[in-house]
Structures are given as C-alpha cells and as structure tokens.
There are 4 protein chains.
Amino acid sequence: MTTETPVSRAARKKQELRREIVETAFDCFAERGYHATGIADIAARLGIGHGTFYRYFQNKRDIVDHVITDLVEKVVAALAADNAPDAVNSLAEYRRQSARIGDALARIFGGDPRMARFLLLEAAGIDAEMRERVLDFYETAAELTAGYLHHGVRLGYLHEDLDVDSTARAINGMILASILSELRDPSPERQAAMSRAVRRVMYDGIAAPS
Amino acid sequence: MTTETPVSRAARKKQELRREIVETAFDCFAERGYHATGIADIAARLGIGHGTFYRYFQNKRDIVDHVITDLVEKVVAALAADNAPDAVNSLAEYRRQSARIGDALARIFGGDPRMARFLLLEAAGIDAEMRERVLDFYETAAELTAGYLHHGVRLGYLHEDLDVDSTARAINGMILASILSELRDPSPERQAAMSRAVRRVMYDGIAAPS
Amino acid sequence: MTTETPVSRAARKKQELRREIVETAFDCFAERGYHATGIADIAARLGIGHGTFYRYFQNKRDIVDHVITDLVEKVVAALAADNAPDAVNSLAEYRRQSARIGDALARIFGGDPRMARFLLLEAAGIDAEMRERVLDFYETAAELTAGYLHHGVRLGYLHEDLDVDSTARAINGMILASILSELRDPSPERQAAMSRAVRRVMYDGIAAPS
Amino acid sequence: MTTETPVSRAARKKQELRREIVETAFDCFAERGYHATGIADIAARLGIGHGTFYRYFQNKRDIVDHVITDLVEKVVAALAADNAPDAVNSLAEYRRQSARIGDALARIFGGDPRMARFLLLEAAGIDAEMRERVLDFYETAAELTAGYLHHGVRLGYLHEDLDVDSTARAINGMILASILSELRDPSPERQAAMSRAVRRVMYDGIAAPS
DNA sequence: GATGAATGAGGGTTCATTCAT
DNA sequence: TATGAATGAACCCTCATTCAT
C-alpha cells in the first residue's frame, strides 16, 4: 500500500529524465564524439525539446561532467564489490582476487566498448579541466591498487621492499593496456590471453628462471 | 661550392615553412587543445596570413594528421636508435638495453610534457579516425616491444612459453603509465621510482620469493 | 460590522496580488532594465510561480504598460494635489505655488531615483508604442503647465502675449532637466540650486537689467 | 596625378564599409529599436554576410557605442561650428548667436527625426552603461552652454549673479523640450514657435513687467 | 486558482574555408 | 605565391509563453 504524494512522483520523474539525459548524452558522445555532438542531437534522440535540456543541466560542459562522473562511479563500484583489499590472506587468494577483479573489469569495459573509448580515449581531449579529471581518475585507481599491494606487503606475500605506489601505477598501466587492446580485438580469446599475460608479468615477471 | 637552382631553393623554403607550420600547429594544439585552436591562431603565431596555411595543408584536419605523424616518428626514431632487438645476448644486456630505452623515453616525453599530453591524451578525442591512429600507434609500439621479447625467448633469457604479443602490450601499458604519471608529477625522483618499479615488475614480478 | 462575501474577499486578494506584481515588476525593471528582466525574475522575487504571472497579465509587454500607468498616475496625482491652477491670483502667489509644485516633484522623483530613470530614460526605449506613451506623458504635462500659464495670462500677472503652449513645453523642459540632473548629483544643494535657477529663468530670464 | 597604393586603397575601402555599417546600424536601430534589431538585419540590409559584421565590430553592443559616438560627434560638431562663446560682445549679438545655434540644432535634429528619437529616447534604455553615456552627453552639453553663459556674465550682458552651471542645465532642458516636441509635431511653425518661446523665456522670463 | 515543466523560436557569435587581389 | 576580406553553416543558449496537473 505504498502511496506517493504527487510532489514526490513528479520529483521522481524529474530524476528519471535527468538520468535519461545523462545516458543519452553518453550515447551521443560515445558515437560521434563530444565536439561533434550538439545539445539538439541529445534532445532529439530523447524526443524532448532542446530547451528542456537546459532545465536539467547548466550547459554542454555540465552534462559531460555528469557523464564522466557516472562512468567513473560505475567502474569504481564494480571494482569495490566483494573485493576488499583485506579479505585476502595469501598469494593464492590474491591471485584469485585479482582474477575476479580482472573479470569484473572485463565485464564492465568488455560489455560496452563505448565506455573505454569515451572515458579513456575521448574524454581527456575535451578540455584541460577534463584532462585533469581523467588523470585524477588514474590517480584514484592507483591508490586503489596500492591498497591491495600494501596489504600484500604487510602480510608478506608480496616483496617486502615493493615501491607500493609506483608498482600500483605500473600494474594499472597493464590493466589499461588490456582494456585498450580490447578496443581493437574484442574477442574473448585475446582478452583471456591479455589477462593471463598481465597476471603472469605481475606475479612472476618475464625473466626466465635462472 | 654546392650551387642550388632557384627552383630547388624555393622548394626547400617551401619545405621549411611546411615544417614550421607543423611545429607551430603542435605548439597551439598542445597549449589550448585541437578544438580550441583556430587556423588563425597558428598563422598568427607564425606571422603568416591564415590563407597561406591552406596553400600548405588541405584543412585543419589535415594538419593534425601531420602533427601526429611527426610525433610518432620522433618517438619511434628515439626508440630505434642504437637499440636493435638482436644486439642483446643475455638477460643482463637486455636489462641494460631496456634501461637505455627507458632513458630515451624519459628524454623524449620528459623533455616536453606537451608531447605526452597531446599524443596520449588529446589526440584520440579529435575524431574516430584519429582515435584509430592512436590505437595504431599503440599497436605498432606493441609490435616493437614484441620484437625484443621474441628475441629474448629465442635466446632463452626470457620464459620460453611467454605470450610474446600480449606480454608486449602489458609491458607497454606500464611504460604508458610511467609517462602519464610524469604528467602529474614531473620530478626526476618520481620518474626514477616509476622506472625502477616497472623494470622490477617486468623482470621479477611482485610475488615474494616462495 | 462590515461583512464581506467570500467572493469579494477573494476578488480583493486578487487585486492586491495584481498590485504587488506591478510594483515588483517596477522594482525589477528599474534595477536591471526591461529587457534584462525576465518574467521569472519578477515571479521569483514575489515568491510566486511564474505561471501565475500569466493569470494576472497577458504578457511581458502588458505588465510594463501597467507599470508606466502607475508611475504616470503617481506623478500627476502629486502635481494636482492642492495645486489647482485657478487657486492663484497674483505673481507672488504663483511663485509660491510653483515652488510648492517643485517641492512635490522633488519629493516624488528625488525620493526614488528609479522612477525618473525608468520613466524618463528607460521606458521610451522599450518599443515604438511605449515611446509614444512617453511622448504622450510629456504632452499631458505640457497641457497641465499650460493651464497654469493660461490662468496667469488671463489674470495679467504673466506676459499677455505669451505663447502659452510653447512656453509650457519650455518650462517643462527645465523641470525635466532638473530631474535628470538629480540622477547624476542627488545632493539637496544641487537640487535647490537647480530649482532656484529654473524659477529665476522662468520668471525673469537671464538678461541683465538694461 | 594622385596615385594610391593597393594597400591604402584596401584600407580606405575597409574604412568605408565600417562607416556604412555604422550608418546602417543606426538606420535599423532607429527604425525598429536596438533590441528588435538583429545583426543579421543590419548585414542583410547592407548586402553583406553577417559574419562580415564581426570583422568590423566586436559585438552588437560595440556597434551601438559607435553609433552613439557618431551621433554625439555630429551634434557637437554642428554646435561648435562658427559659434565660439567669446565671439560675442553684447546681448544683441548673443541673441543672434543663440538663434544661429537654434537653427543649427533644428537643421540637425529636424533634418532627421530618427536622431532625436534614438539619441534622446531609445539609447538610454539599452543598458545601464549606455544610460550613463546619455547622461554624460547631457553633462557635456551643459558645460558647453555654461561656457556661453559664463562669457555673458563676465561681459556684463547677463545677470552678474547667475548660477551659470544650473542655468545652463535649465536652458538645455528647454532645448531638449524643443527637440522632443518636434518629434510629435515636426511642422516648421511649431518649431519656430518653440524656438521663440524658449528664447523669450531664456532672456526675459514669463513674468509681466511690473 | 496556482504551479512549473516543457517548449522552440530566435539571436548572438565563431571559425573553417574560399577566392579575388 | 601570399594574403586577408568575406562568407554562412553551425551551434549554444535564453526566455516568453503554454498547459497538464
């Protein structure tokens, strides 16, 4: 028997449209690029007047900020789910966890190549501020990864003298390379191969056993 | 006593201006971004009429292609110099070679952060075609790196069952991360730390010795 | 024990809001100008929905007409009060009366410089129709002044061959100049000086006694 | 045998178009008002592309500033011509001079009623800055008139205790009234009557000889 | 009656490109 | 060959007005 006041219903509808605009804007930006997309394109695809757009977002620059926020949140949420750094007690468990994380990333970025294209390739070219946001994102990701490494060092299953911060960046670089490679060859085989290679390098390096 | 016909002198001058335009275009693109840069800006900075620009390049899109070509060539040239894959015969030599390559990259990208900013962050956002060119560049770089790995596998100082292609991408990802991290913190210390971390992961991985 | 039907009470409230809208519209127009003021600004300042505005006035153009009507009425009312043209019987009395009228004008326009700004400077620029209304206002004022002059001529304390109509306009021009000068320098001293100068020119002219 | 370099010819043509744009802008503003006039209207009437407009003026606000400057200059030039304040030595000469000035004003404003309409009625409503410019113009005019009065006081043909500054404003107010009255009734008779009335008030006042 | 969400006409402005000189 | 004046497509954004709730 959940009743709803007319006011809250209207508010909900407003939120819904807001979300739809963000999603449609992402669609447009991903398809034709930020600069080639007009506000009118977004509005037309949604079937709303383009003046309506401006009731929900300040201007074109505003919407792309929200699109990016959305994407970053999705990525971070997917990574954080069931993957607490301190839920791991051994190298074997860490291997399993990193495989899970790799799967999650594959699911997110593999499921919609437009995400990687826009977040990792397009966005930084929008303007200087957005470039910094993208670099911020990399920074955040590095801190996340560093958390895992730190835990491993403390528990002794990772090199005790690991430069946690720099190594985290290096590992994230490999993950980035995976995602980028997927843009060219989205086949599951290639993805599996990349994933294996990354983990192999990550844990054991490339040097042959002496 | 090398003389030059007036014709060839004029041709040389034309080539010179062409090059100057490419360089100045890069300056502008790197400073304000591709979309925020007008043809008039480039021409004004060069002190030429902006109509003249169109005598050297088809259109705005044309010039950025040449700028990218220029940058890619510079990077590839710097990497190839004195670093033939088959000049190495042992892991120790490879370590030294990869250190040299790292230094070369640091010199190129560290010397002018605009290069990394434009080639790695801005360019892919220009349009779909340019995005593919950037991905091509990554691909070429992967092939380059794969050459080194292949040689190492053949000579036995790298894991014999290495997935050369995927591993090359992974390693390049770490290099990419190095360069990106430099954009945020260009201090030599951070760069040295990143370089060390990359090579450590690359050769030995992060796992503690069992 | 005056009772009021609900109907008339509602009607009275409507009239009250109507008046408030006109006043608030004047506030906005005077502060930011007609063109820079949006209906939403007026409504927001009143704390009503901007749709409500259209239940009281046809459109934006409609409200400014009412604002002007309001202002003109205020000015005319202030001038007419206790200043009947035929209440005067001599030059001395006319001098006193014109001083009183000057004071009344000073009170109205000096009390709120926005009135002069809007009615005398802004309004005529709104559109052709409003320009004519402003000129109508000047015309009405000229007729008013002419009434006083006519009376003076008839009673003999003003030049018998006075071109009443044209002279009325000329005098009103001096008054207009007074009000405009107040916009730049609202000090009482300047106003008093202007008032004295106007009356001196008006009665005696500037020529030195021969 | 005046030859002209191609450069200077082009420069002259540019100046010419610049002037034409100012004139056409004035035409449009005077006919339909500043706010109702679009840049496209001005360009279309001139038969040029509307982008061309922006090669000559920064923006819409810029052009109206030039239009006003133009008008003010025309008025000031017409007033200053052959009417130096110190060229007068007696009241009779001053009367003749002020008649000449009146004629000059009549020629300027009477010749093109749009000038008065735009400068005196429209302009001040454009925005706060323009309003101040119009008030500046009145101020300048007051100083001009004050110069004449000052001279008359010094030579003794005007009241020795004249408040020169305030009186100048008052007189200018009468002139303003003349010009405004012309907008409603442009007949030469009315203008002549106004002119006579102004001068009569100015020199002798309205009071009957005691 | 009151509201404010939706609308789209309209206008200012930019800038890549052309072409006559 | 170099130039820069001219052009107009394109686009962002505002805001008066309507109308369903």
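Given the structure is predicted, the values throughout are model-derived calculations rather than measurements. Residue numbers begin at 1 in each chain, while the letters A, B, ... track the order of the sequences.
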For this session: May I ask you to list the residues of residues 15-32 of chain D, by number, that have any heavy atom positioned under 4.0 Å from an atom of DNA chain E?
Result: none
For this session: Decide yes or no on side chain to side chain contact (heavy atoms under 4.5 Å, CB included) for C:Phe26 and C:Asp112, but give the supporting numbers first.
Result: CA-CA 12 Å; C:Phe26 168 61; C:Asp112 186 356; 3.9 Å; yes
Problem set entry | Flag, side chain of C:Asp65 to backbone of C:Asp62, donor-acceptor distance under 3.5 Å | no
For this session: Kindly write out the residues that satisfy ring pair (Phe, Tyr, Trp, His ring centres under 6.0 Å) with A:Tyr34, not counting sequence neighbours, or none if the list is empty.
Result: A:Phe29
For this session: List in chain and number order the residues that pass side chain to side chain contact (heavy atoms under 4.5 Å, CB included) with A:Lys14, two or more places apart in sequence or in another chain; answer none if no residue qualifies.
Result: A:Arg55, A:Tyr56
Problem set entry | Inter-residue atom distance C:Leu120.CG - C:Leu71.CG, 0.5 Å rounding | 9.5 Å
For this session: Can you tell me the distance, in whole Å, between the CG atom of D:Leu46 and the C1' atom of F:dT7?
Result: 15 Å
Problem set entry | Exam field: side chain A:Thr37 to backbone A:Cys28, donor-acceptor pair closer than 3.5 Å | yes
Exercise. Using 4.0 Å as the upper bound for N to carboxylate O, is an ion pair formed by A:Arg133 and A:Glu129?
Worked result: no
Problem set entry | First encountered from the 5' end of DNA chain E, between D:Asp41 and A:Lys14 | A:Lys14
Exercise. Using a cut-off of less than 4.0 Å, is there contact between a side-chain N or O of C:Tyr56 and OP1 or OP2 of E:dG1?
Worked result: no
Exercise. Taking 4.0 angstrom as the limit, do B:Arg19 and B:Asp70 come out as a salt bridge?
Worked result: no
Exercise. Checking all strands, does B:Phe57 fall into the base, sugar-phosphate, or nothing category for heavy-atom contacts under 4.0 angstrom?
Worked result: nothing
Exercise. With a 4.0 Å cut-off, would you call A:Glu23 and A:Arg45 a salt bridge?
Worked result: no
Problem set entry | Nucleotide pairing, DNA chain E (Watson-Crick or G-U, distances under 3.5 Å), in dot-bracket with [ ] and | | .||||||||||||||||||||
Exercise. For every nucleotide of nucleotides 13-18 of chain F, 5' to 3': is a protein heavy atom under 4.0 Å from its base (B), only from its sugar-phosphate (S), or from neither (-)?
Worked result: BB-SBB
Exercise. Counting only N and O atoms by type, is there a donor-acceptor contact under 3.5 Å from the side chain of D:Thr24 to the main-chain atoms of D:Ile42?
Worked result: no
For this session: Output all residues satisfying ring pair (Phe, Tyr, Trp, His ring centres under 6.0 Å) with B:His35, sequence neighbours left out; order by chain, then residue number.
Result: A:His35
For this session: Could you tell me the separation between the CZ atom of B:Arg55 and the P atom of E:dC19, rounded to a whole number of Å?
Result: 13 Å
